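Down below is the structure, laid out as structure tokens.
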Amino acid sequence: MKTIRTVKQMQQTVRKLVAQGKTIGLVPTMGFLHDGHLSLVRKARQHADMVVASIFVNPTQFGPREDFSTYPHDERGDLKKLRSADCHIVFIPTTREIYPKGFQTFVNVEKLTQILEGASRPGHFRGVTTVVSKLFNIIRPDVAVFGQKDFQQAAVLRQMTIDLGYPIKFIVAPTVRETDGLAMSSRNKYFSPETRPEAVCLYGGLKKAKAMVKAGERSTAKISRAMTKEILAVCPSAQIDYIAFNDLKTLQSTTKVEPGTICSLAASVHGVRLIDNMKVL
Ligand code: PAF
């Protein structure tokens with residue numbers, strides 16, 4: 001596995017690969033990798049000859065009161081994991097490589113970013129779309145793979161891919177969960193052994209929603225109330241940011257569960273902001 005740290009070297013490598021007729025799969029990450037990330041690398045391998053994983057903690061997608069400065073890092077561990085998943089190239093640029101002095105050009109998807117995570121985290125998606133479009137321009141992938149856990153991010157980036165005309169196949173891979181159901185996330189590291197069991201409350205809420213829909217309930221207001229009860233029963237101190245029901249593709253919000261409705265939620269559990277989602281019908 002080759003490690004590349006500069007944009008110039010990455011571009012030269014891409015040019016060589018393209019000249020050899022190789023297709024490229026990209027898995028963008030912010031590092032501190034877990035099995036969820038590795039499943040994205042494996043998925044990319046199924047669709048491309050060469051897989052590039054990027055590791056870059058992107059400052060522009062963090063709000064002023066968010067965890068940019070404390071975001072976990074483990075480059076050695078990440079490289080070991082990527083090697084074990086048969087990744088071919090890892091791109092680890094510095095902040096200056098991605099945002100050179102004087103940088104002032106941003107990419108913004110206007111509508112899909114107004115709700116859910118976009119409403120709770122102003123400017124977040126502008127940072128995500130800007131960095132991913134830079135990665136698309138530098139690496140020129142044929143395929144890019146993102147996780148379903150960040151389903152709004154996937155919808156926003158898919159829209160950006162269409163709008164800017166990137167010739168990239170867009171793949172969204174399923175959420176990988178811990179044995180108790182907690183969605184894998186680099187932020188799970190923030191929990192202590194005492195608080196970690198309560199982090200499963202989001203998954204518990206989503207399972208409740210799915211069970212109610214299976215039993216015939218379609219009112220999102222009723223399901224939200226039952227989910228809140230379920231979440232607080234597991235973690236009484238949880239602060240629920242939102243529970244939302246939207247169309248998986250258009251993100252249109254709905255008051256009645258319909259085929260293609262996805263339930264998503266964000267909550268702060270012992271000071272750690274978690275998100276999760278599930279297609280309920
Ligand atoms: O999902 C993430 O880890 C990030 O938002 C991404 C897509 C790597 C952009 O920084």
Side-chain angles (χ1 to χ4, degrees), residues 4 7 10 24-41 43-44 51-63 66-75 77-78 81-82 85 87 89-99 103 106-109 112-113 116-118 120-139 141 143-161 164 166 168-176 183-190 264 266 272-277:
I4 297 180
V7 169
M10 190 69 241
I24 299 173
L26 170 65
V27 179
T29 82
M30 297 207 300
F32 208 73
L33 304 178
H34 49 68
D35 284 350
H37 294 113
L38 301 186
S39 76
L40 305 183
V41 171
K43 183 64 104 187
V51 175
V52 180
S54 61
I55 297 178
F56 180 64
V57 183
N58 174 34
T60 63
Q61 70 186 74
F62 289 81
E66 293 182 359
D67 55 346
F68 173 64
S69 56
T70 55
Y71 199 82
H73 289 74
D74 177 17
E75 189 181 302
D78 288 348
K81 287 174 193 162
L82 287 172
C87 180
I89 298 169
V90 53
F91 179 46
I92 316 183
T94 59
T95 307
R96 266 280 174 268
E97 282 289 314
I98 296 295
Y99 299 113
F103 184 91
F106 286 83
V107 175
N108 192 37
V109 172
L112 294 178
T113 57
L116 305 170
E117 287 299 285
S120 297
R121 305 179 66 189
H124 167 67
F125 285 121
R126 178 177 179 261
V128 171
T129 42
T130 300
V131 78
V132 172
S133 96
K134 287 214 63 162
L135 292 170
F136 281 2
N137 292 338
I138 296 162
I139 298 163
V143 176
V145 187
F146 297 90
Q148 170 68 19
K149 180 171 137 317
D150 298 293
F151 89 103
Q152 186 182 12
Q153 168 172 280
V156 167
L157 289 171
R158 179 185 274 120
Q159 189 67 45
M160 177 192 84
T161 304
L164 297 185
Y166 287 114
I168 296 172
K169 183 175 167 152
F170 200 91
I171 297 175
V172 181
T175 302
V176 179
M184 286 197 184
S185 162
S186 306
R187 290 192 169 100
N188 293 350
K189 151 189 167 75
Y190 295 144
S264 64
V272 183
R273 189 172 184 282
L274 298 176
I275 59 171
D276 203 349
N277 65 73

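Computed from a predicted structure; not experimentally measured. Atoms within each ligand, like the ligands themselves, are counted from 1 in listed order.
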* Is the backbone of Gly31 close enough, under 3.5 Å, to the side chain of Glu75 for a donor and an acceptor to pair up by distance? -> no

* Flag, side chain of His34 to backbone of Phe32, donor-acceptor distance under 3.5 Å -> no

* Structure fact -> So CD of Gln61 and OG1 of Thr129: to nearest 0.5 Å the spacing works out to 9.5 Å

* Asked: Which class fits the ring pair Tyr99 and Phe106: parallel under 30°, tilted 30 to 60°, perpendicular over 60°?
  -> parallel

* Asked: Closest non-hydrogen protein atom to atom 9 (C) of ligand 1, residue and atom name please, with distance?
  -> Gln61 OE1, 3.3 Å

* Structure fact -> protein heavy-atom neighbour closest to atom 3 (O) of ligand 1 works out as Met30 CG, 3.6 Å

* Should you measure from each heavy atom of Pro28, which atoms of ligand 1 turn up under 4.0 Å away? -> 8 (C)

* Would you mind listing which atoms of ligand 1 come within a distance below 4.0 Å of any non-hydrogen atom of Val131? => 9 (C), 10 (O)

* Of Val176, Ile171, Val145, the residue whose pairing with Leu40 passes side-chain contact (heavy atoms from CB on, under 4.5 Å) -> Val145

* How does Thr29 reach ligand 1, by side chain, by backbone, by both or by neither, if only non-hydrogen atoms under 4.0 Å count? -> backbone

* Asked: ligand 1 and Gln153, any nitrogen or oxygen pair closer than 3.5 angstrom?
  -> yes

